[in-house]
Amino acid sequence: MAIQQQIQQAAIDSLEKLYGKTFTAKDFQINKTKPEFAGDYTIVLFSLLKPLSKSPDALGNELGKHLTENHAQMFTSFNIIKGFLNLTVADSYWISVLINNYNNTSFGRGEAKHKKVMIEYSSPNTNKPLHLGHLRNNFLGWSIAAIIKANGYDTVKTCIVNDRGVHICKSMIAWQLFASGATPQSTNTKGDHFVGDYYVKFNDEYKKQVEELIEGGMKKEDAEKEAPIMKATQQMLLDWEAGKPEVMELWKEMNSWVYAGFDETYKRIGSDFDKIYYESNTYLLGKKTVQEGLSKHVFIQKEDGSVWIDLTADGLDEKIVQRKDGTSVYITQDIGLAQQKYEEYKIDQSIYVIGDEQNYHMKVLQLICKKLGLPYADGIYHLSYGMVELPTGKMKSREGTVVDADDLLDEMENVARKKTEDLGKVKDFTAEELKELYKTISLGALKFYLLRVDPIKKMIFNPEESIDFHGYTGPFIQYTHARIKSILRKEKAQDSSIIQGTGLLPLEKELLIELENYPTVIEQACNEHDPSHLANYIYTIAKTYNSFYTEHSVMKAESEEKKQLRLFICELTANVIAGGMQLLGIKVPERM
RNA sequence: GGUCCGGUAGCUCAGUUGGAUAGAGCAUCAGCCUUCUAAGCUGAGGGUCAUUGGUUCGAAUCCAAUCCGGAUCACCA
């Protein structure tokens with residue numbers, strides 16, 4: 001049990017014995033004691049004063065005395081300032097935490113919950129390469145899945161590939177018009193970029209045609225519909241739906257180019273999936289649901305045949321679920337897919353990592369599922385995240401300000417190489433080791449930069465800041481880990497018996513108090529679906545360790561006892577840093 | 001216009017769910033490498049927590065109103 005809960009429980013027991021009243025954890029708070037006061041943890045007494053009709057001093061003294069007398073092993077002293085009861089926890093407690101966990105690889109992991117959680121993330125369109133926004137999604141999705149797993153849940157990582165629709169046909173048409181048979185191989189271009197270029201070409205051509213039509217006297221709206229290239233695209237979509245062989249063939253080929261490109265990038269950033277759904281297989285799902293909804297009178301059919309749900313009573317709008325021509329819309333497909341996920345995996349919870357522009361859509365999805373009485377409705381959770389913007393404003397593909405994922409990764413890797421070469425600490429590395437290190441550092445920097453922020457907030461991506469390897473960054477933490485490992489290569493912690501009764505210096509104690517909190521942070525990150533808590537926490541650990549490192553020598557410690565103690569502290573710190581970073585999808589090097 | 005989200009140091013962000021004198025990093029300034037990796041450490045300056053009112057022992061945190069920014073409200077996905 002975490003120390004905070006232990007204190008709370010001890011206080012509840014003491015209060016019961018002292019005053020015969022039963023309190024719960026919600027009735028009062030335990031906080032970490034502010035550094036300017038003596039003590040480690042603080043019981044805030046204010047909320048207890050009234051029910052017990054006690055003055056802060058009287059209650060503090062009685063409770064403090066009772067706690068220290070009955071838990072002499074745990075608390076060594078107390079003091080009261082205003083309504084705050086500050087308790088000092090015995091050094092021996094922190095040392096026992098250290099000894100019990102220094103080489104415990106499952107430290108911080110939760111017990112098996114026997115529940116299954118599906119995490120849908122990434123979900124790209126197959127008409128253009130991945131960009132910075134996708135990276136935030138991928139890092140978030142991967143990390144939250146790892147965190148959920150660490151808390152003892154079974155996880156299924158999944159991805160729904162948007163591989164059909166008008167946007168795909170646009171690239172296809174442009175390729176037919178302009179490529180004269182070119183392929184990624186023939187042009188030596190990464191497949192997703194190759195296809196993305198034709199998507200851009202489509203838009204250029206489309207724009208040109210619309211302008212020409214407007215000059216010829218057509219209204220803007222009509223011109224947008226009548227442009228030949230757009231009409232060809234619409235026709236292609238119909239042909240695709242009809243399964244016309246040459247269209248299907250082109251579609252399959254172009255998608256295969258994109259997948260080859262995606263695979264490369266996914267491999268590079270570490271994204272992986274247990275199950276991939278393709279929209280071309282799922283877009284017809286949900287039709288059954290429409291029938292069910294009608295018979296349950298959750299949906300209503302209008303005169304023209306279209307089917308709707310009225311959500312005005314819930315503060316939303318009327319929403320269409322099936323077109324008058326009988327085809328299903330986006331939301332219906334999603335209901336169908338949700339159903340399929342549930343049937344295939346019997347999941348207890350389904351997390352969707354999707355941008356906040358779809359908040360409304362996800363709200364509607366869950367609400368409809370609830371109204372239909374579907375068993376998985378309550379398990380739907382939208383992990384909504386804000387847009388990534390540049391210091392100059394939003395990324396706009398039309399203005400060419402979109403930050404391409406592959407380009408960014410290349411650039412970061414170059415910076416990592418340059419900085420590593422400048423420092424010259426790993427000159428003995430082989431070319432292969434160096435390559436691996438540059439990748440580790442650059443990806444660590446990028447992932448940490450994107451994950452350290454609360455997902456719900458939109459964030460500014462400052463290119464200069466993101467390649468800074470000092471301060472609140474991934475490389476700072478990686479560097480701290482490498483420093484620890486450098487010590488542990490010289491000597492390992494071995495004799496835990498001689499540190500049992502040793503005393504702790506302030507920085508040693510502070511570090512142990514923070515390390516003890518690791519399991520609580522992992523749990524919180526899981527409950528709040530927020531890896532940034534973990535990122536912040538690891539940073540704090542690294543920072544405290546670095547202070548400790550400068551202040552106290554390990555190898556030249558004052559005594560053998562101190563040396564062993566610090567070696568154990570090094571072990572545990574390294575484990576927590578490596579384990580925590582792993583949950584963010586970030587590797588930590590042995591040397592850098 | 002309706003709904004939802006955000007507003008904390010010059011910039012980027014934390015703030016343990018209502019607790020003590022609001023914290024980090026970057027940037028600026030001043031120090032620290034003959035001592036386990038200086039991608040580090042120590043210190044300084046920098047704040048009307050958007051505004052106003054309310055709730056109470058106590059508010060950046062909860063409530064209300066206002067201001068600013070964003071998203072969304074398609075027979076697109």
Side-chain angles (χ1 to χ4, degrees), chain A residues 4 29-34 36-37 42 44-47 49-50 56 81-84 86 125 162 164-167 279 283 304 306-308 315-317 319-325 327 329-331 333-334 355-361 363-364 384 386-387 389 391 394 416 419-420 422-423 425-426 441 445 449 452-454 456-462 464-466 468-473 475-480 482-491 517 520-521 524 528 532-533 535-537 539-540 542-543 546-557 566 570 591-592:
Chain A
Q4 221 154 326
Q29 278 183 19
I30 312 288
N31 295 334
K32 254 180 99 170
T33 304
K34 298 256 165 190
E36 54 268 37
F37 303 104
T42 298
V44 184
L45 302 172
F46 295 105
S47 58
L49 300 179
K50 221 181 224 172
I81 297 168
K82 292 197 268 179
F84 300 95
N86 301 321
N125 289 336
N162 292 308
R164 50 134 251 136
V166 199
H167 51 298
E279 200 192 298
Y283 82 109
D304 65 358
S306 60
V307 182
W308 297 72
L316 305 175
D317 308 275
K319 196 84 188 165
I320 189 160
V321 293
Q322 185 174 291
R323 299 186 187 97
K324 63 184 173 196
D325 62 7
T327 56
V329 294
Y330 179 37
I331 192 94
Q333 295 169 32
D334 268 1
D356 62 7
E357 71 272 11
Q358 298 210 34
N359 284 352
Y360 179 76
H361 172 78
K363 209 167 161 183
V364 170
S384 169
M387 216 179 284
E389 295 180 5
K394 287 185 191 170
K419 295 205 174 175
T420 305
D422 287 350
L423 289 168
K425 293 180 183 178
V426 288
I441 294 173
Y449 186 82
R452 68 185 199 187
V453 187
D454 185 349
I456 202 160
K457 292 187 179 177
K458 73 174 182 200
M459 64 173 294
I460 312 269
F461 181 88
N462 184 331
E464 283 171 30
E465 217 176 75
S466 69
D468 189 356
F469 295 168
H470 303 270
Y472 187 19
T473 67
F476 169 89
I477 295 163
Q478 292 172 322
Y479 173 71
T480 307
R483 271 181 141 183
I484 302 175
K485 285 295 180 175
S486 167
I487 294 174
L488 293 175
R489 269 193 299 276
K490 295 188 172 73
E491 191 166 338
N517 202 29
T520 308
V521 173
Q524 190 196 7
E528 295 179 20
S532 75
H533 285 119
N536 273 291
Y537 169 78
Y539 170 69
T540 310
K543 207 173 151 44
N546 279 319
S547 298
F548 158 84
Y549 178 95
T550 352
E551 188 74 20
H552 305 298
S553 177
V554 177
M555 299 309 291
K556 294 181 183 169
R566 287 175 193 162
C570 287
R591 289 176 58 194
M592 69 184 275

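Fair warning: this is a prediction, and the values are worked out from it, not measured in the lab. Excluded from the calculations below are hydrogen atoms, water molecules and symmetry mates; all remaining heavy atoms, backbone and side chain alike, are included. Every chain is numbered from 1 and lettered A, B, ... according to where its sequence line falls, protein lines coming before strand lines.
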Between the side chains of A:Tyr330 and A:Gln358, does any donor sit under 3.5 Å from an acceptor?
yes
Answer with base, sugar-phosphate or nothing: what part of the nucleic acid does A:Thr327 contact at a heavy-atom distance below 4.0 Å?
nothing
Check the pair A:Glu389 / A:Lys394 against salt bridge (charged side-chain N to carboxylate O under 4.0 Å, His left out), numbers first and verdict last.
CA-CA 5 Å; A:Glu389 295 180 5; A:Lys394 287 185 191 170; 5.1 Å; no
May I ask you to evaluate whether A:Arg489 reaches the phosphate of B:C36, defined as a side-chain N or O under 4.0 Å from OP1 or OP2?
no
Check the chi torsion on B:C33 and let me know: syn if it falls within 90° of 0, anti if not.
syn
Give a yes-or-no answer on whether the side chains of A:Asn31 and A:Thr42 include a donor-acceptor pair shorter than 3.5 Å.
no
Between the side chains of A:Asn162 and A:His167, is a donor N or O closer than 3.5 angstrom to an acceptor N or O?
no
Counting only side-chain N and O atoms of A:Thr42, is one of them less than 4.0 Å from OP1 or OP2 of B:A20?
no
According to a strict under-4.0 Å criterion, is A:His470 in side-chain N/O contact with OP1 or OP2 of B:G40?
yes
Taking pairs as Watson-Crick (N1-N3 plus N6-O4 or O6-N4) or G-U wobble (N1-O2 and O6-N3), each distance under 3.5 Å, the stems of three or more consecutive pairs with RNA chain B are B:1-7 with B:67-73, B:10-13 with B:23-26, B:28-32 with B:40-44, B:50-54 with B:62-66
What I want to check is whether the side chains of A:Asn462 and A:Tyr449 have a donor and an acceptor closer together than 3.5 Å.
no
What's the closest nucleotide to the side chain of A:Lys543 if the choices are B:G15, B:C41, B:U37?
B:C41
So, do A:Tyr539 and A:Phe476 have ring centers that fall under 6.0 Å from each other?
yes
A:Asp454 and A:Ser532: side-chain donor and acceptor closer than 3.5 Å?
no
Which part of the nucleic acid, if any, lies within reach of A:Met459 when heavy atoms closer than 4.0 Å are counted: base, sugar-phosphate only, or nothing?
sugar-phosphate
Anti or syn, where syn is a glycosidic angle within 90° of 0; which label fits B:U72?
anti
What does A:Ser547 touch in the nucleic acid at a heavy-atom separation under 4.0 angstrom: a base, only the sugar-phosphate, or nothing?
sugar-phosphate
With a 4.0 Å limit, can you tell me whether A:Lys363 has a side-chain N or O closer than that to the phosphate oxygens OP1/OP2 of B:C5?
no
Between A:Arg452 and A:Glu465, is the closest basic N to carboxylate O distance under 4.0 Å?
yes
Contact nearer the 5' end of RNA chain B, comparing A:Tyr479 with A:Lys82:
A:Lys82
Whichever of A:Lys419 and A:Asp454 has its nearest RNA chain B nucleotide further upstream toward 5'
A:Asp454
Just compare B:C13, B:C5, B:U21 and give me whichever is closest to any side-chain atom of A:Glu36.
B:U21
Pair A:Asn546-A:Tyr479, side-chain donor/acceptor within less than 3.5 Å
no
Quick one: what's the B/S/- string for nucleotides 70-77 of chain B, heavy-atom cutoff under 4.0 Å, read 5' to 3'?
SSSS-BSB
Using whole Å, what does the distance between atom C1' of nucleotide B:A24 and atom OH of A:Tyr472 come to?
8 Å
State whether A:Ser486 places a side-chain N or O below 4.0 Å from either non-bridging phosphate oxygen (OP1 or OP2) of B:U37.
yes
